[in-house]
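Okay, structure first, notes after.
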Amino acid sequence: MSLLLLHARYQFLETIRVPIAVIGTVGFPALFMLLFVVSNPAVGGEPAAATLAAGQMSLFAVISAYMFNLGAGVAEDRAKPWHAHLRTLPVGPAAQLGGRLLNAQCFALLSLIPVALTAMLFTRAHASAGELAAVLLALLLAGLPFAFMGLAIGYSLPLKAAIPVVQLLLLPMAFAGGLFLPPVLFPDWLDVLSHALPTRAVRDLVIGALTNTAPGVVAPLVAAGWTLVLGTLAVVAHRRDEGRRFR
Amino acid sequence: MTHEHHARAVGVSRNFGTVRALDSVDLDVAPGELVGLLGPNGAGKTTLLNLLTGLRTPTSGRVELFGGDPRTPRNRLGLGVTPQETGLPETLRVHEIVDFVGRHHRNPLPTHELLEQFGLTGLERRQSGSLSGGQKRRLTVALALVGRPKLAVLDEPTTGLDVEARHVLWEALRQYHALGGTLLLTSHYLEEIEALARRVIVVDRGRVLADGSQEYIKSRVDTRTVSLRSAALPDLPGVVHREHDGDRIRLLTRDADQLIRELVTSGADFRDLHVAGATLEEAFMTLTNDGTPTNADVATVDRSTS
């Protein structure tokens with residue numbers, strides 16, 4: 001356990017020493033918040049709409065932190081000889097993998113701060129302390145399938161491919177999952193399609209927690225299904241990678 | 001844990017696709033030994049080290065580290081390995097990297113003590129990416145020793161260092177060995193193996209060609225170097241290679257006694273006669289040049305690498 005924390009700490013140190021990477025992760029969701037929510041009084045000035053938008057953007061921040069940190073981060077690490085050196089130290093792969101996940105979680109939490117601040121200062125979004133606690137927990141759980149997706153990409157692709165793949169998956173999934181525009185504005189066909197996406201499923205869970213309403217049956221099932229599928233993919237990608245490079 | 005050997009390979013072969021990188025290699029490193037692994041590029045040295053440190057598994061045969069499987073983390077507690085110099089995490093500071101590796105071990109050396117030993121004092125707060133090549137190289141060797149390992153495995157520890165820095169590093173390694181440490185190292189520099197290793201293993205094309213003390217390896221090559229100064233030396237029988245350096249002449253021969261007799265009876269004027277056994281370099285070149293030693297092989301000794 002202490003080695004896992006050690007690895008997490010050094011992962012974190014390595015990441016924050018490249019400020020632009022931090023700004024990208026932490027700054028983008030807040031920027032989107034300004035562009036789509038604050039600048040639009042019909043959303044930002046309306047308590048219900050603003051709260052919804054803040055919740056959706058928080059989820060986007062968490063998902064994007066996980067996918068970039070793990071997708072690109074793992075792909076980058078794999079290419080470094082240092083990664084091989086770590087395997088000669090008296091420690092198993094769990095500490096490193098766990099440290100990576102913990103580090104990604106730190107950045108996911110960090111990226112929530114500017115979104116929350118923007119929502120509080122410049123919009124009429126509101127939530128009780130209980131709702132905030134519930135939504136924080138929901139956000140952490142909601143990030144899980146995307147952490148797995150990031151790992152699957154990171155362990156399957158070289159860095160140059162991992163970054164565009166993360167981008168190509170993230171933005172369309174975020175849009176179609178209702179993270180930029182609420183799904184009530186979707187045409188019927190998109191709404192139907194949307195329900196099958198992991199982004200939509202976890203969005204419904206997060207918004208349910210934020211507005212203190214039950215999310216229904218479909219969203220938890222779809223979220224659990226995606227978590228299982230992506231978790232399996234991550235494990236397979238990890239094993240195949242070890243198999244290919246370290247036979 | 002009781003075990004006779006710190007590291008051991010028994011009938012180990014390793015294929016990469018259709019290429020056989022190692023072919024039935026046997027090797028054992030006993031506690032306190034100082035072993036030099038010698039061979040040309042692509043001989044299989046690094047593959048062998050990767051197997052012994054748990055980075056790869058053999059295609060067939062068995063490797064042991066402290067009597068167990070090197071892939072089990074617990075069995076690597078007594079192991080120290082040099083990372084590749086290009087692989088240090090660039091954004092981390094020197095003291096952070098040392099601390100990070102040290103914390104994987106039960107009783108690491110104090111960072112300041114280690115850095116001082118390797119001439120890195122004052123660089124603690126520098127990010128590793130800003131170090132010079134020589135400083136990085138010294139840091140990599142320091143990282144192999146930070147956990148007070150029972151066995152240190154060093155792949156090319158001084159490549160790219162100037163002579164002075166190399167001697168500082170050798171001193172640190174001798175000190176480590178004097179305190180009971182076991183060393184397994186590879187090197188491009190024969191001088192390094194001669195200076196450090198008591199036992200030499202010559203590897204080529206995935207096979208162990210010779211394994212023994214330095215003296216034994218040298219004796220495997222049945223040549224002597226006869227060196228003398230002479231303004232005009234006639235051709236002498238039994239000389240397999242002749243080299244001139246000003247008026248200093250070096251003659252390689254299989255029978256030094258006979259050559260001296262020929263030299264004296266030739267009537268040639270000479271002085272400053274010196275007879276020596278083969279250098280490790282000559283032994284190495286002879287052994288790795290396609291199997292059995294021949295006169296022609298000895299004659300191809302490349303002086304430029306010394």
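Residue numbers start from 1 in every chain, and the chains themselves are labelled A, B, ... in the order their sequence lines are given, proteins ahead of strands.
The two atoms that bring Thr88(A) and Leu79(B) nearest to each other are O-CD2, 4.0 Å, heavy atoms only. Taking both residues in full, the closest heavy atoms of His104(B) and Leu3(A) are given as CD2-CD2, 3.7 Å, listed atom of the first, atom of the second, then distance. Residues Gly87(B) and Trp82(A) come closest through the heavy atom pair O-CB, 2.7 Å.
Using a 4.5 Å cut-off between heavy atoms, Thr59(B) makes no contact with chain A at all. With a 4.5 Å cut-off on non-hydrogen atoms, Leu86(A) touches chain B through its side chain but not through its backbone.
When the shell of 6.0 Å around CZ of Phe28(A) is examined, it contains 12 or fewer heavy atoms from other residues, nucleotides or ligands. Environment of CD in Glu116(B): sparse, with no more than 12 heavy atoms of neighbouring residues, nucleotides or ligands closer than 6.0 Å. Sparse packing is recorded around CH2 of Trp226(A), with 12 or fewer heavy atoms of other residues, nucleotides or ligands lying under 6.0 Å away. With a 6.0 Å radius and a threshold of 12 heavy atoms from other residues, nucleotides or ligands, Glu90(B) has its CD atom at or below the threshold. Around the CZ atom of Phe175(A), the shell of radius 6.0 Å holds no more than 12 heavy atoms that belong to other residues, nucleotides or ligands.
Contact check for Phe100(B) versus Arg9(A): no side-chain heavy atoms found under the 4.5 Å cut-off. Taking the side chain as every heavy atom from C-beta outward, Leu13(A) and Thr91(B) never approach each other to under 4.5 Å. Considering only heavy atoms from C-beta on, Pro90(A) stays 4.5 Å or farther from Arg74(B) through its side chain.
Panel note: side chain Arg76(B), backbone Arg87(A); a donor-acceptor pair is recorded below 3.5 Å.
A salt bridge links Glu96(B) to Arg17(A): one of the charged nitrogens lies within less than 4.0 Å of a carboxylate oxygen.
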